[in-house]
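This report refers to the structure that appears directly beneath it.
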Amino acid sequence: MSTYTRLPVTFERGEGPWLWDTTGKKYLDALSGVAVCGLGHAHPAVAEALCQQARRLVHTSNIYGIAKQQTLAERLTLLSGMERAFFCNSGAEANEAAIKLARLYGHNKGIATPTIVVAENSFHGRTLATLTATGNRKTQAGFEPLVSGFLRVAYNDLEALQTIAKNSTEVVAVLLEPVQGEGGVNVPDDDYLAGVRAVCDQYGWLMMLDEVQTGMGRTGRWFAYQHTSIVPDVITLAKGLANGVPIGACLARGEAAHTFKPGNHATTFGGNPLACSAALAVLDTIESGNLPARAAELGARMTARLRDKLIPGDGTERKLVNAIRGKGLMIGIELDRPCGELVGQALQQGLLINVTAERVIRLLPPLILSDQQADQIVDTVVELVIAFARTAGV
Ligand SMILES: Cc1ncc(COP(=O)(O)O)c(C=O)c1O
C-alpha cells in the first residue's frame, strides 16, 4: 500500500556505517534505519548469533520456556534497575503493553476510567492507542475516533503536570520520551524527569518512559533516564535492541512488575529464540565496546563541530540555524524554516540523514563510528546547510 513516500534508492549491502545501493554507490549512514542499527550494518557478532540460532531453533511459543528470553530479561532488568520484562516485536507494541499495564494498575486500585498523561509533540507509535498517545494531530488525522483515557500536557512543563494532578483523580500514569525524537530532538531541562518522578510519587502514578529511540546506549548511557538520578517504574524498548531484528520490550519494577497476571497480555512472536539471540549479541557488543560512553564522546565531538561551523560565524548560515541540540548520538539541528529537501540533497552526496518536525535535521548515526567518519558526517551536513542558506537567500 502507498503508506510511504520512498526515496529513490534501494540498498543491497551494508558494513558498519556504510551502505551500498543497487548501482554500487556507497553511502555513509547517519540515520541507522532510524536509531535501529546502533552497531552498524551486518555486525559480525549479530550475524553469527542469528546464523547459529537459526540452525538450532527459530520459534516455539510463549506457551513454553524460552531460555534466551529468560537470559535477555535478566540482563536487561539488571542494566535498567527494572525487575521484569515482557517481550514483543516493535516499539508500538512495547508501548501498548505499558498502556495496558497502566490501565490494569489503575483498575486494581479501583479507578474506573484510568487515564494516562502524555506530552505534546511526542511519538509513541501507530497502533490506535499509541497513535492516541502520540502528540501530533497530523499523524492522528483521519483515524478518529481515537482511544479515550489520555490527557495531554506540554512537554518539559512541570507546572502543567501539577495542574493536571490537582484536577484529575483518574490519572494512573505518565508516558514520556526522555528526549523527544520524532518531535524534533527535544531535550528537557535537567530537572524535568526528577520533577515528573516527584509528581508520580506524590499521586501514586506510574512513571513510564518510552526509551524506544533513546535506549541501548544512544544518548550516552544505556538508557536516557540514567543521565538523572531517578528510576522510572516502566520503560519501553525496541529499535536498537536487536540491531534490526524486530523486537520490543516493556520492562517494569515494583508494583508495575507484578500487575500482569497470566492471560492478561500475550504475543505469538515476542521474545522468540531468534530475536533474543540477536539482542543478546547486541548487549555483549555494547558492553564489551563500552559503546554508551563512546556515543557520549562522539555526540560531544559532533555537536561541538556543528556549533563551531554553523553558529558562531558571521556568515549567512548563522541566521538559518535556530539551535543545535541533542544527547549523545541523538542530534538535532533546527533551522528557521522547513528543510525536507535536504534529505534528497544529502542522499546525492552519499549521506543518509533525516528531517523531522519539518525543520529539524536529525542525525542518529551508529555508535561504532570512527572519529573521522563522525567528522565526515558533520562536514557534509554543514556544506548542505550552507548551500541551503544560499539558495534560500539568507
Ligand atoms: C519514541 C518512539 N516510540 C515508539 C516508536 C514506535 O516504534 P515502532 O515503529 O517500532 O512501532 C518510535 C518509532 O519511531 C519512537 O521513536
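For ligands, and for the atoms within them, numbers begin at 1 and follow the listed sequence. Atoms considered below: every heavy atom in the structure, side chains included; atoms not considered: hydrogens, waters and symmetry mates. Only a predicted model underlies this, so the values are computations on that prediction, with no experimental measurement involved.
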Remaining members of the apolar cluster that contains I63, side-chain heavy atoms under 4.5 Å: Y64
Just list the side-chain donor-acceptor pairs under 3.5 Å for residues 194-204, sequence neighbours left out, or say none.
{"unit_1": "R197", "atom_1": "NE", "unit_2": "D201", "atom_2": "OD1", "d": "3.2"}
{"unit_1": "R197", "atom_1": "NH1", "unit_2": "V231", "atom_2": "O", "d": "2.8"}
{"unit_1": "R197", "atom_1": "NH1", "unit_2": "D233", "atom_2": "OD1", "d": "3.4"}
{"unit_1": "R197", "atom_1": "NH1", "unit_2": "D233", "atom_2": "OD2", "d": "3.3"}
{"unit_1": "R197", "atom_1": "NH2", "unit_2": "D201", "atom_2": "OD1", "d": "2.9"}
{"unit_1": "R197", "atom_1": "NH2", "unit_2": "D233", "atom_2": "OD2", "d": "3.0"}

Let me have the donor-acceptor pairs involving side chains of residues 161-169, under 3.5 Å, with sequence neighbours excluded, atom names and distances please.
{"unit_1": "T163", "atom_1": "OG1", "unit_2": "E159", "atom_2": "O", "d": "2.8"}
{"unit_1": "N167", "atom_1": "ND2", "unit_2": "T163", "atom_2": "O", "d": "2.9"}
{"unit_1": "S168", "atom_1": "OG", "unit_2": "E170", "atom_2": "N", "d": "3.2"}

Considering all heavy atoms of both residues, which atom of E182 and which atom of Q213 are nearest to each other, and what is their separation? OE2-NE2, 3.1 Å
Kindly tell me which protein residues have any non-hydrogen atom under 4.0 angstrom away from an atom of ligand 1, grouped by chain and ordered by number? S90, G91, A92, N95, F123, H124, G125, E177, E182, D210, V212, Q213, K239
Do I361 and L329 sit in the same hydrophobic cluster, where Ile, Leu, Val, Met, Phe, Trp and Tyr count as joined when their side-chain heavy atoms come under 4.5 Å apart? yes
For the CZ atom of R294 and the CD1 atom of I286, what is their distance to the nearest 0.5 Å? 14.5 Å
